[in-house]
> 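Structure incoming, see below.
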Amino acid sequence: MGTLGTGGTGRRDRTGVLLIRVWWEAEPSVWRARITHRVDVTGPAETVTFAASTDDIHTAVGEWLRTFLEAETPDGPATARRPPSPGRTGPGTVEPHGPLGAP
């Protein structure tokens with residue numbers, strides 16, 4: 001694994017990852033999702049969650065994002081380092097959206 005950058009701050013940036021795999025089951029119109037995530041790619045803990053609805057996926061992604069944003073960093077508590085962007089209501093707070101695929 002390569003080294004993580006410092007983002008120009010002189011300190012190590014923490015990077016998280018979340019992957020969603022979706023597939024169709026043998027039954028028509030039945031799908032499943034596997035959500036694999038880590039809050040810090042350098043850590044050993046990997047979590048795998050299964051979902052069968054868009055609500056399950058939204059919940060899993062929201063929980064992962066909250067955990068990532070609230071996690072401790074080597075420099076202390078994580079804080080938003082960028083101003084709010086479209087889709088955000090404030091630093092580190094993601095505005096909820098409608099069902100998957102909805103704006």
Side-chain angles (χ1 to χ4, degrees):
M1 180 182 298
T3 57
L4 298 175
T6 62
T9 63
R11 62 171 175 68
R12 183 184 75 85
D13 285 340
R14 184 171 49 88
T15 300
V17 64
L18 181 136
L19 174 71
I20 302 173
R21 177 180 172 251
V22 180
W23 68 93
W24 288 105
E25 291 286 336
E27 298 177 37
S29 302
V30 176
W31 60 271
R32 300 283 185 255
R34 176 181 172 170
I35 305 163
T36 306
H37 53 89
R38 289 184 179 201
V39 173
D40 188 338
V41 296
T42 62
E46 179 178 280
T47 303
V48 177
T49 305
F50 290 91
S53 73
T54 56
D55 287 340
D56 291 345
I57 293 173
H58 283 217
T59 298
V61 171
E63 288 174 4
W64 172 82
L65 185 57
R66 274 188 295 284
T67 301
F68 178 82
L69 294 174
E70 294 170 356
E72 290 285 321
T73 67
D75 300 322
T79 57
R81 293 173 180 85
R82 297 182 186 143
S85 59
R88 291 184 174 223
T89 58
T93 304
V94 176
E95 182 178 300
H97 292 278
L100 286 179

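Note that the coordinates shown come from a computational prediction; the quantities given were computed from them, not determined experimentally. All heavy atoms count here, side chains included; hydrogens, waters and symmetry mates do not.
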> Of all residues at least two apart in sequence or in a different chain, which pass the side chain to side chain contact (heavy atoms under 4.5 Å, CB included) check with V39?
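V39: side chain to side chain contact (heavy atoms under 4.5 Å, CB included) contacts with R14, W64, T67, F68, A71.
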> Does atom CD of E27 have more than 12 heavy-atom neighbours, drawn from other residues, nucleotides or ligands, at distances under 6.0 Å?
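Atom CD in E27 is not packed in, count stays at 12 or less.
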> From T59 OG1 over to I57 CD1, what is the distance, rounded to the nearest 0.5 angstrom?
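Between atom OG1 of T59 and atom CD1 of I57 there are 10.0 Å.
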> Within the structure provided, determine whether H37 and T49 are in side-chain contact (heavy-atom separation under 4.5 Å).
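H37 reaches T49 side chain to side chain.
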> Give me each pair satisfying salt bridge (Lys or Arg N to Asp or Glu O under 4.0 Å) with a member in residues 50-60, each pair once, sequence neighbours excluded.
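Counting only pairs at least two positions apart or across chains, no salt bridge (Lys or Arg N to Asp or Glu O under 4.0 Å) contact touches residues 50-60.
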> Could you list the cluster mates of V48? Members are the ILVMFWY residues connected by side-chain heavy atoms closer than 4.5 Å, either directly or through other members.
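Grouped by the 4.5 Å side-chain rule, W23, F50 form the rest of the cluster around V48.
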> Work out which heavy atom in I35 is nearest to a heavy atom in A51; give both atom names and the distance.
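Heavy atoms only, the tightest pair is CD1-CB, 4.2 Å.
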> Could you give the distance from CD (E46) to CZ (R38), rounded to the nearest 0.5 Å?
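These two atoms lie 5.0 Å from each other.
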> Considering residues at least two apart in sequence or located in another chain, which fulfil the salt bridge (charged side-chain N to carboxylate O under 4.0 Å, His left out) criterion with E63?
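Testing E63 for salt bridge (charged side-chain N to carboxylate O under 4.0 Å, His left out), a comparison that skips the adjacent residues, returns none.
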> Please examine the side chains of W24 and V30, heavy atoms only from C-beta on, and report whether any two atoms are closer than 4.5 Å.
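No, every pair of side-chain atoms sits at 4.5 Å or beyond.
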> Does L18 form a side-chain contact (heavy atoms from CB on, under 4.5 Å) with T36? I'd like the steps, not just the answer.
CA-CA 6 Å; L18 181 136; T36 306; over 6 Å; no
